[in-house]
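In this text, all values refer to a predicted model and were calculated from it rather than measured experimentally. As the structure lists them, so they are numbered: ligands from 1, and atoms in each ligand from 1. Quick note: numbers below take in every heavy atom, side chains included, and nothing from hydrogens, waters or symmetry partners.
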Amino acid sequence: MEKYVIKGGNQLQGEVSISGAKNAAVAILPAALLSDEPVIIENIPSISDIDWSIKILMRLGAEVKMLNRTTLRIDPRRLTGHQVDYDLAKNMRASYYFLGALLGKIGVADVSLPGGCDLGTRPIDQHLKGFAALNASDSVEGGMVHLETDHLTGGRIYFDMVTVGGTANVMMAACKADGLTIIENAAKEPHIVDLANFLNSMGADIMGAGTDVIKIRGVEHLHGTQYSIIPDQIEAGTFMVIAAATGGNVLIRGVIPKHLESITVKLQKMGVTVEEYDDSVRVIGSGKLQKANIKTMPYPGFPTDMQPQISTLLTLAEGTSIVTESIFDSRFKYVDQLRRMGADISVDGKVAVIQGVGRLKGAPVKANDLRAGAAMIIAGLAAEGVTEIEDIHYIERGYDAIEKKLRSLGADIRKITIPEEARELAR
Ligand code: EPZ
């Protein structure tokens, strides 16, 4: 088992470059199956969710070649199957994207129900509602979702709630459906726009991505492309909070400032200096952090994937802050870990009340999920003393070389490996 060991208190200084967006990449890789020719995808983050996506593509018969650390060539011309088993699907949530990609490509898909972060119930009923509108039938048996259609036809879908996964999945399948598909109450996240741009670069006909109505006119043929993925707004936001939490001065490079607006506004309200440039932002932590109230919302609102990180920062601010998690029904599990470090937070359902304590104390903690793990890193960097973080595999699902990037900013962080037998003894 591996752990991060962090000695807190350093003010992080310097520059960090942001990697490609995880939640764009995990949709774009399956979408590559829709092409009738090889595609080249650049600026892919080097994270374990991508490793699993590549394993699934290869299990389906696609030829995948790593041209360099962040560039893949995918040739989907000789698929041999349409099944994604639990042994692969259980490792990440985004395995559900192979439903839409395979349905669009060959009219049939068998994909195990997904794994991924435990944020409460995470059904896929809206995805299935969308596929049904495209004339596909579905059944769920033995944990496998089976989809099939003899003729994919365009349809009209009104999502009951904004769903990133549902929007992306239906958009993929609709690219090859006969006629016009209209998705209403669509997700507007930057990674939805990135997926639409990728599909359009292959010859798809998608209009309105980034608004709440997306129209897709099906096409016969999708050709090859060379496409570069957008920067990761959540990785960028996480480093913005790290700079603020350590009272540092960090230039975060290779970002799209517009994607960070809701985070920038909240940090400025807390007394943090954020300077925006064309493709970078500089964050300068101030001495005193002010309280703030946060409600997570679909884009362009404050992102739920930044909720654990900003809540950790608020434990260091003066006064009482309220954080409302309106997207997921159980995304405060990390609070117990923060309490071990001296945080004063009370949680009632979807609302957390945070009393600023000014300083946290290092302690052994664990990562409950990907963004909870990022919150533990933030807390450890800001705390007095040493923090050890277990279950860091969650963090490595979504952050490319995070310890190397942090060390380059002056953080005292290292990864240690605990031999299995030592773990047993420690129990
Ligand atoms: C995507 O998850 C992201 N994951 C999540 O990021 C992110 O938190 C979430 O979107 C919201 O932005 C990937 O892109 C791989 P949803 P997804 O469908 O698609 C409910 C991270 O940290 N819902 O937008 O699962 C659902 O339960 C991860 O990078 C249904 O009820 O999110 C949730 O309450 C964590 N039925 C809400 O909608 C459905 O069919 C939003 O979920 C679909 C969703």
Side-chain angles (χ1 to χ4, degrees), residues 19-31 45 47-50 52-53 56 89 91-100 113-133 138 140 145 157-172 183 185-195 212 229-230 232-238 259 262-263 296-310 324-331 333-334 349-350 367-375 394-400:
S19 301
K22 166 180 91 83
N23 289 345
V26 294
I28 285 172
L29 263 63
I47 55 177
S48 58
D49 269 13
I50 293 302
W52 289 113
S53 301
I56 294 172
N91 299 290
M92 60 172 191
R93 173 114 186 119
S95 45
Y96 55 38
Y97 285 138
F98 286 93
L99 285 166
L113 281 164
C117 292
D118 176 8
L119 307 174
T121 55
R122 297 178 76 181
I124 60 166
D125 58 301
Q126 301 295 304
H127 301 232
L128 299 180
K129 170 178 163 178
F131 296 138
D138 67 76
V140 180
V145 180
I157 299 111
Y158 191 99
F159 282 131
D160 299 348
M161 79 292 291
V162 173
T163 158
V164 166
T167 302
N169 234 340
V170 172
M171 202 158 65
M172 280 187 227
I183 303 174
N185 201 19
K188 300 184 270 194
E189 272 66 10
H191 29 291
I192 292 292
V193 177
D194 209 28
L195 173 63
D212 44 16
I229 288 175
I230 55 168
D232 193 313
Q233 81 181 124
I234 306 301
E235 185 194 14
T238 302
H259 292 168
S262 63
I263 303 162
T296 64
M297 295 295 283
Y299 190 81
F302 192 88
T304 175
D305 292 347
M306 281 297 302
Q307 182 262 94
Q309 298 93 311
I310 201 82
T324 306
E325 171 54 59
S326 68
I327 307 290
F328 290 107
D329 51 26
S330 173
R331 196 166 199 172
K333 289 199 180 77
Y334 63 91
K350 293 199 163 195
N368 297 107
D369 60 59
L370 167 57
R371 307 303 174 184
Y394 283 115
I395 302 170
E396 295 178 338
R397 279 190 47 205
Y399 286 97
D400 184 351

Mind checking side chain to side chain contact (heavy atoms under 4.5 Å, CB included) for S19 and listing every partner two or more places apart, or none if nothing turns up? P45, E235, D400, K405
Atom 43 (C) of ligand 1: which of P114, A168, P123 has the nearest heavy atom? P123
Which ligand 1 atoms are under 4.0 Å away from a heavy-atom of L119? 35 (C)
Selected option - heavy-atom contact closest to atom 35 (C) of ligand 1, from V162, I327, D305: D305
I'd like the name of whichever of M306, H127, M161 reaches closest to atom 23 (N) of ligand 1 through any heavy atom. M161
Nearest 0.5 Å please: distance from the CD1 atom of I234 over to the CD1 atom of I263. 5.5 Å
Per-pair distances, 0.1 Å, donor-acceptor, side chain in residues 296-303, under 3.5 Å, sequence neighbours excluded:
residue: T296; atom: OG1; partner: E325; partner atom: OE2; Å: 3.2
residue: T296; atom: OG1; partner: S326; partner atom: N; Å: 2.9

So is Y299 close enough to ligand 1, meaning a heavy atom under 4.0 angstrom away? no
Donor-acceptor pair, distance only, cut-off 3.5 Å: does the side chain of R331 make one with the backbone of T304? yes
Any heavy atom of D329 closer to ligand 1 than 4.0 angstrom? no
Taking a cutoff of less than 4.0 Å between a non-hydrogen atom of the residue and any ligand atom, is R331 in contact with ligand 1? yes
For D232, is there an ion pair with K22 - N to carboxylate O distance below 4.0 angstrom? no
